[in-house]
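To start, the structure itself, in structure tokens.
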Protein chains: 2
Amino acid sequence: MMQNMKLPGKTVERLSEYRRILLNLLAEKKNYIYSYELAALLHITAVQVRRDLMLIGYSSGARKGYDIRELVETIGRIIDSEEGLNVAIVGMGNLGRAVASYFRGKRSKLNLVASFDNDPQKINKVISGVKCFDIKTMEQTIRDLNISIAILTVPPDAAKNTCDEIVRYGIRGILNFTTVSLKVPPDVYLEEYDMITSIEKVAYFVKENLKTQG
Amino acid sequence: MMQNMKLPGKTVERLSEYRRILLNLLAEKKNYIYSYELAALLHITAVQVRRDLMLIGYSSGARKGYDIRELVETIGRIIDSEEGLNVAIVGMGNLGRAVASYFRGKRSKLNLVASFDNDPQKINKVISGVKCFDIKTMEQTIRDLNISIAILTVPPDAAKNTCDEIVRYGIRGILNFTTVSLKVPPDVYLEEYDMITSIEKVAYFVKENLKTQG
DNA sequence: ATCTTATTGTTAATAAAATAACAATGTTTT
DNA sequence: AAAACATTGTTATTTTATTAACAATAAGAT
């Protein structure tokens with residue numbers, strides 16, 4: 001209930017992870033799961049799981065644990081959009097291709113319908129399972145294929161311009177993997193991920209642990 | 001002051017981002033920066049910047065803004081380890097190669113010294129700037145090259161075993177890019193990133209925005 | 001059929017992160 | 001050299017996220 005209220009970002013992330021795990025379990029013919037089991041699989045607490053499910057208004061009814069199939073369904077109703085959303089990868093270097101292949105095991109209503117690059121070797125070929133379009137045709141293609149989400153994997157010096165472009169063409173959400181931090185209008189959702197930052201964070205805590213534990 | 005206390009993870013992440021930006025600015029011959037300028041570049045608040053710098057005990061002394069060179073240096077003293085740490089990429093598929101190339105513009109004392117794969121085509125070649133070793137030699141190589149950080153980019157079904165292995169071989173920090181959530185002993189630092197989760201998060205907020213804004 | 005137990009759903013408490021408020025301090029202007 | 005100003009460093013407040021506590025309840029045991 002109160003499903004009209006936006007969920008906290010952290011909860012959305014965990015719901016996505018719950019679903020990933022639950023789908024795996026379904027494939028293994030498991031049908032019910034307790035909050036503490038699901039929690040253990042993600043190394044979080046059972047309370048957190050129950051609280052997240054409370055937020056999406058899901059209730060097991062009984063103390064037989066959660067019906068996995070039903071729960072997957074409920075999570076989908078909350079985090080997926082009914083009609084599905086179309087996604088494009090902008091920049092088909094190593095990272096773009098990597099992202100494309102991650103999409104194969106995808107679990108939501110997201111459709112990877114296009115990729116863009118400026119390399120003639122790539123244009124009009126199917127790469128990692130997705131057709132690559134000439135980046136010059138981006139405006140037309142984004143509108144034709146009704147693409148609302150872009151994954152940005154272009155080289156850093158192209159990031160700002162490309163971002164401004166796709167926003168003009170009507171993109172509503174961007175996952176930015178470049179090392180450039182972008183600015184978008186308030187009605188466009190932007191999520192940024194810098195892998196070097198993640199590595200430096202790991203290094204920091206390794207260093208600190210080494211200091212205290214030898 | 002109090003530099004022996006571990007910093008919050010969020011602060012560490014921002015420090016890494018400050019440094020990335022500051023290094024770019026240095027390259028453009030900018031020498032001083034105000035907190036609000038740095039904040040604007042990352043779309044955060046100036047208070048946050050000042051608070052983070054307070055936590056690492058850095059003080060500009062004057063109202064001329066921060067001396068960029070000095071600040072970069074200070075951040076390095078806090079988040080880098082003095083001798084540098086050696087890093088390996090485990091799994092040289094698309095994602096592994098992408099990560100390797102991100103390392104080129106690296107800004108810290110981290111050294112990418114090895115990668116591992118089981119594909120004979122790759123073994124003993126230099127790929128994306130880093131030598132690829134036979135994954136069978138991992139134990140020896142990790143010890144020989146004193147590798148303490150691993151970036152895990154193997155296929156999902158290999159994730160758990162590979163993780164247990166590298167932990168046995170003495171790895172102290174792992175950045176896990178597989179879709180499998182791992183378990184490590186408490187003295188090993190684990191950071192997990194699931195890009196499908198990020199995409200699903202973007203999709204959720206796009207959907208919500210579309211609901212309220214049409 | 002009642003008792004015991006395990007698990008849930010939810011409220012309350014705590015912890016962590018972000019933001020606001022503001023005194024201190026140097027800089028520039030007059 | 002005093003006044004006005006801009007910016008910092010830090011404490012206080014607010015907000016957000018996590019964890020703890022516990023009543024409610026269904027399932028199985030006796």
Side-chain angles (χ1 to χ4, degrees), chain A residues 1-3 5-18 22 30-68 70-71 74-75 78 181 191-192 197 201 204-205 208, chain B residues 1-3 5-18 22 30-68 70-71 74-75 78 181 191-192 197 201 204-205 208:
Chain A
M1 35 215 74
M2 284 320 290
Q3 289 172 13
M5 218 169 70
K6 268 189 219 175
L7 297 168
K10 289 291 177 73
T11 294
V12 175
E13 287 175 19
R14 281 191 298 264
L15 289 172
S16 163
E17 283 159 12
Y18 298 158
L22 294 172
K30 189 171 166 78
N31 290 310
Y32 287 86
I33 192 167
Y34 296 120
S35 58
Y36 62 83
E37 291 178 294
L38 184 49
L41 290 169
L42 281 159
H43 317 123
I44 60 177
T45 67
V47 187
Q48 184 115 76
V49 171
R50 297 204 298 273
R51 209 167 190 300
D52 286 334
L53 299 189
M54 188 187 83
L55 288 179
I56 64 172
Y58 181 74
S59 170
S60 74
R63 70 175 193 104
K64 299 241 48 163
Y66 302 95
D67 179 319
I68 294 182
E70 203 175 273
L71 182 48
T74 305
I75 292 175
I78 298 290
S181 127
E191 172 88 11
E192 311 207 282
T197 287
K201 185 179 174 195
Y204 171 80
F205 286 106
E208 291 301 308
Chain B
M1 48 197 58
M2 285 318 291
Q3 289 172 14
M5 220 168 70
K6 269 189 218 177
L7 297 168
K10 289 290 175 75
T11 294
V12 175
E13 287 175 19
R14 282 191 298 265
L15 289 172
S16 163
E17 284 159 11
Y18 298 158
L22 293 172
K30 189 172 167 74
N31 290 311
Y32 287 86
I33 192 166
Y34 296 121
S35 58
Y36 62 85
E37 292 177 293
L38 184 50
L41 290 168
L42 282 159
H43 318 122
I44 60 176
T45 67
V47 188
Q48 184 115 78
V49 171
R50 296 204 299 273
R51 209 167 191 301
D52 285 335
L53 299 190
M54 188 187 83
L55 288 179
I56 64 171
Y58 181 73
S59 171
S60 76
R63 306 295 161 272
K64 302 239 53 161
Y66 302 96
D67 179 318
I68 296 183
E70 203 174 273
L71 182 48
T74 306
I75 292 176
I78 298 290
S181 127
E191 173 88 10
E192 309 207 284
T197 287
K201 184 179 175 193
Y204 171 79
F205 286 106
E208 292 301 307

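Every chain is numbered from 1 and lettered A, B, ... according to where its sequence line falls, protein lines coming before strand lines.
Distance CD1 (B:I33) to C1' (D:dT8): 15 Å, rounded to an integer number of Å. If you measure from atom OH of A:Y66 to atom C1' of D:dA26, you get 14 Å, rounded to the nearest angstrom. What separates CD1 of B:I56 from P of D:dG9 is a distance of 11 Å, to the nearest Å. We find that CG of B:L55 is positioned 11 Å from C1' of D:dG9, with the value rounded to whole Å. Rounded to an integer number of Å, the gap from OH of A:Y36 to C1' of C:dT7 is 8 Å. Distance OH (B:Y58) to P (D:dT10): 13 Å, rounded to an integer number of Å. A:Y34 has its OH atom 16 Å from the C1' atom of C:dG9, to the nearest Å. Rounding to whole angstrom units, CG of residue B:D67 and P of D:dT8 are separated by 13 Å.
Proximity of A:S35 to the phosphate of C:dT8: a side-chain N or O atom is located under 4.0 Å from OP1 or OP2. Look at A:S59 and you'll find a side-chain N or O under 4.0 angstrom from OP1 or OP2 of C:dG9. Phosphate contact (OP1/OP2 of C:dT7, side-chain N/O of A:S60, threshold under 4.0 Å): absent.
Applying the salt bridge (Lys or Arg N to Asp or Glu O under 4.0 Å) rule to B:E17 yields no partners; only residues at least two apart in sequence or on another chain are considered. Take B:Y32 and apply the ring-ring contact (aromatic ring centres under 6.0 Å, His included) test, not counting sequence neighbours, and it matches no residue. When the salt bridge (Lys or Arg N to Asp or Glu O under 4.0 Å) test is applied to B:E191, the partners found at least two apart in sequence or on another chain are A:K201. Looking at residues two or more places apart in sequence or on another chain, you find no ring-ring contact (aromatic ring centres under 6.0 Å, His included) involving A:Y18.
Under the salt bridge (charged side-chain N to carboxylate O under 4.0 Å, His left out) criterion, the residue pairs touching residues 32-54 of chain B are B:R14-B:D52, B:K30-B:E37, with sequence neighbours excluded.
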**Fill in**
Its contact letters, B for base, S for sugar-phosphate only and - for none at protein heavy atoms under 4.0 Å, make nucleotides 16-29 of chain C read -SSBB----BS-S-
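The two atoms that bring A:L42 and B:S181 nearest to each other are CA-OG, 3.9 Å, heavy atoms only.
Considering only heavy atoms from C-beta on, B:L38 comes within 4.5 Å of B:L22 through its side chain.
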